[in-house]
Structure formats: C-alpha cells, structure tokens
Amino acid sequence: MVQQVLINNDDYYVPDANQLITENDTPVDNFASAKQQRLLVSSLYSSLQHQTFLAEANVGIYYTDLQPPIVPDVFLSLDVQVPEKWWEKQNRCYMVWRFGKPPEVVLEIVSNKEGDELGKKLQIYEHMRASYYIVYDPNQQLGEKVLRIYELRGRRYFETSETWLEQVGLGITLWEGEFEGRQDHWLRWCYQDSNVLLTGDERAEQEQQRAEQAEQRTQLLADRLRAMGVDPDTL
C-alpha cells in the first residue's frame, strides 16, 4: 500500500512563490486532448460531490524550486482543495510544499512522440512520488499499448495491468460513446463495478429518463384502474 508522507512546512525550506512562474498563458493543446481532459475532470466533480479533492487539467505542479513545474494533462489530489484566495501568487498552481503532498494520480495524453512520457516525465512523477502515473496513447504513438498504468511501490514505478487504483478508490477504463456531441473512444474514471463516473449532462439525462419512466408507470396504473371502473383521481 502506497503511503504518502505529508510535508510539514515548518521543517522544510519553502521557496518564495513570487520568484516562480505559475503560468505562461501559452495554449498548446489540440481539440481531442482538450475534450478528453474536460471529460476526466468534469466527471469527477459531478460524481464525487461529497468528497474533498482537487482535479485539474494543464495546471503546473512545482515539486521542487530547483526545477521548472511539470504540467500534466490531468491530475487528481485527494483531501486537498484550492485555497480561498486563489489569485494570490502562491495559490495559483500546485506547489507540493504548500498542499503538503503530491497528487495521487497524474495523467498524460499522448499526442505525438515529443512529450517523452515514458522517459523524463515518468522519472519526474516517480521522483515526485505520485501514487499512479497513467499514460493514455489513443493513437499508439509510443507502441501498441493504448493505456499504461504505473504504480509507485516504494521509490519506483512498476507498470501494472490493474485498472483499479486501490489508493484512490477509483478505476480507469476505455469507453465508447458520445461526449459533447462527439462519438468516439474515451478514457474514463469508473467505480469498482465498472460503471463510469457520470458527467453533469449524463446525470441530468439519467434523471430525466427516470422521471419519464415514473410518469409512464403512473399513467399505466391509472389506465388500469379506470379499466376496472375506479377513478384514480379519487384515491
């Protein structure tokens, strides 16, 4: 079981946030990656409303002041939340020494062979001690595998075929369906029973279907009562 050590700021040197680059406002994503990121992040917030966590896309993570931040396509960090004064310099991105822990999950979506997802990025996330590192390669740029999952065991990552992420109580699965008007294959979070975490739109649609089904059942019962000579409005 992976245990993450919380960082006590009183025991560590804390860099001056004013000297760090928290954002550079450079858009670099493509349509497919951006939509995939929205699906992963939005489904967490719509389905885990009673849990405390932070999930974001394209937000920098500072794991040391000696290196520039790394910017995963998506990350998930449990039991933390964005500070109330999020416009202050030290609160604009994920600084490990301020949140007290690295994210449990970091995820990269492979668009080309330039990202070095299986080299430098893997080493950085391993050094950062993120519990899981997920590489989603929908176009198989890096080989035959569409999905690679690395689990931190001790100080090293080990690739695993297990899609249930025990440390976070969530799974990851490949799913075919429609999101934001686009029919495609998607990477999604799932529960242990393999049901995917729903987006807000999916949840609303599900509730509408349930309401329509309930109305249909009520109408059917009323018709049966009338056929028996009973006025349902008097009951």
Side-chain angles (χ1 to χ4, degrees), residues 2 4-5 7 15 20-41 44 53-78 80 92-99 101-163 165-168 170-174 185-189:
V2 177
Q4 291 188 329
V5 179
I7 296 173
L20 304 178
I21 299 174
T22 55
E23 62 274 308
N24 61 17
D25 299 319
T26 302
V28 294
D29 259 320
N30 57 69
F31 293 125
S33 292
K35 197 176 287 288
Q36 175 65 80
Q37 291 164 11
R38 284 199 300 276
L39 174 56
L40 288 167
V41 173
L44 286 169
F53 65 92
L54 176 58
E56 282 300 342
N58 282 326
V59 172
I61 299 176
Y62 267 103
Y63 57 100
T64 174
D65 67 322
L66 302 178
Q67 298 291 334
I70 189 166
V71 186
D73 287 317
V74 174
F75 74 78
L76 168 64
S77 187
L78 302 178
V80 300
R92 291 186 182 184
C93 66
Y94 197 104
M95 299 179 186
V96 171
W97 54 85
R98 291 193 64 82
F99 283 93
K101 56 184 280 291
E104 276 75 14
V105 182
V106 288
L107 187 148
E108 295 286 355
I109 302 167
V110 181
S111 300
N112 50 54
K113 298 181 180 180
E114 308 302 320
D116 204 14
E117 285 83 3
L118 302 182
K120 183 177 181 180
K121 286 184 178 179
L122 186 148
Q123 294 173 1
I124 290 174
Y125 292 132
E126 183 180 69
H127 175 71
M128 190 172 72
R129 299 182 65 78
S131 300
Y132 296 97
Y133 173 40
I134 298 171
V135 180
Y136 179 43
D137 187 9
N139 292 314
Q140 298 173 295
Q141 298 276 347
L142 306 180
E144 295 183 359
K145 292 184 179 180
V146 172
L147 185 64
R148 292 177 173 86
I149 301 173
Y150 297 89
E151 181 179 17
L152 189 68
R153 300 173 188 170
R155 297 175 58 192
R156 295 288 179 263
Y157 272 143
F158 291 85
E159 188 171 1
T160 176
S161 60
E162 179 60 62
T163 57
L165 312 181
E166 184 68 32
Q167 306 304 316
V168 296
L170 287 173
I172 204 82
T173 187
L174 298 174
H185 292 86
W186 305 95
L187 184 66
R188 299 196 63 163
W189 304 105

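The first residue of the sequence shown is numbered 1, and numbering continues consecutively from there. As the structure is a prediction and not an experimental result, all values here were calculated from the model.
Across V59 and P72, no two heavy atoms sit closer than the pair O-CD, 3.8 Å. The two residues H185 and Y136 make their nearest non-hydrogen contact at O-OH, 3.7 Å. The minimum heavy-atom distance between Y157 and L152, with the atom names listed, is CD2-N, 3.6 Å. Of all heavy-atom pairs spanning M128 and V106, the tightest one is CE-CG1, 4.0 Å.
Distance alone, capped at 3.5 Å, is enough to place a donor-acceptor pair between the Y132 side chain and the Q167 backbone. N139 places no side-chain N or O within donor-acceptor distance of the main-chain N or O of Q141, the cut-off being under 3.5 Å. Using modelled atom types, one side-chain atom of K101 and one backbone atom of L78 make a donor-acceptor pair closer than 3.5 Å.
The distance from the CG atom of L118 to the CD atom of E159 is 8.0 Å, given to the nearest 0.5 Å. With rounding to the nearest 0.5 Å, the separation of CD in Q37 from CD in E56 is 10.5 Å. To the nearest 0.5 Å, atoms CZ (F158) and CD (E126) are separated by 8.5 Å. With rounding to the nearest 0.5 Å, the separation of CG in L165 from CG in L76 is 9.0 Å.
Here the options are Y125, Y133, F99, Y94, the test is ring pair (Phe, Tyr, Trp, His ring centres under 6.0 Å), and the partner is F75; only Y94 passes.
Checked against side-chain contact (heavy atoms from CB on, under 4.5 Å), T160 has the following partners two or more places apart in sequence or in another chain: I149, E151, R153, E162.
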